[in-house]
Amino acid sequence: VQLAESGGGPVQAGGSLRLACVMSGRVFWLDSMAWYRQGSDNIREKVAVISTSGSKEYPDSVRGRFTISRDPTSKTLYLQMDDLRPEDTAVYYCSYRDRYWGQGTQVTVST
């Protein structure tokens, strides 16, 4: 299984970005998939997960601003991020079953 993120970059506070994670290999699209981020504190935080049932969960820090979705046709996992804040600055990683990881994409939010 290989994962490749894209869509990061610099953005001003209040702006939006959509991250994409293209998956290849033996991927079952009903399996759990997630987005994590790792900021300057080096702590990896889960910011969105879509479970085997299709339910979605978010921590308080991003709920209402971030939306996870997936498209099996294009083999892509997405993270729509709205109303971005400087504290959202981090490297964002996609994960498949918390076992496979992408290389990360940097998101930098400026005031």
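All heavy atoms count here, side chains included; hydrogens, waters and symmetry mates do not.
Between Tyr36 and Trp101, a ring centre-to-centre spacing shorter than 6.0 Å is recorded.
Cluster annotation: Ile68 is connected to Trp29 through the hydrophobic network of ILVMFWY side chains, with a link wherever side-chain heavy atoms come within less than 4.5 Å. Connection of Val49 to Tyr96 is not established within any shared hydrophobic cluster, with ILVMFWY side chains joined at heavy-atom distances below 4.5 Å, either directly or through further cluster members. Hydrophobic clustering, with ILVMFWY side chains joined whenever heavy atoms are under 4.5 angstrom apart, groups Leu19 together with Phe66. Val22 and Leu3 fall into different hydrophobic clusters, where Ile, Leu, Val, Met, Phe, Trp and Tyr residues are linked whenever their side-chain heavy atoms come under 4.5 Å apart, directly or through other members. Connection of Met81 to Ile50 is established within a shared hydrophobic cluster, with ILVMFWY side chains joined at heavy-atom distances below 4.5 Å, either directly or through further cluster members.
Residue pairs that meet the salt bridge (charged side-chain N to carboxylate O under 4.0 Å, His left out) test with at least one member in residues 50-69, sequence neighbours left out, are Asp60-Arg63, Arg65-Asp88.
Judged by distance alone, with hydrogens and angles left aside, the side-chain atoms of Thr76 form a donor-acceptor pair with the main-chain N or O of Ser74 at under 3.5 Å. A donor-acceptor contact shorter than 3.5 Å is absent between the side chain of Arg18 and the backbone of Leu79. In terms of modelled atom types and a separation under 3.5 Å, the side chain of Glu5 and the main chain of Gln103 share a donor-acceptor contact. Judged by distance alone, with hydrogens and angles left aside, the side-chain atoms of Gln12 form no donor-acceptor pair with the main-chain N or O of Thr111 at under 3.5 Å.
Under 3.5 Å, the side chains of Asp71 and Tyr78 contain no donor-acceptor pair of N or O atoms.
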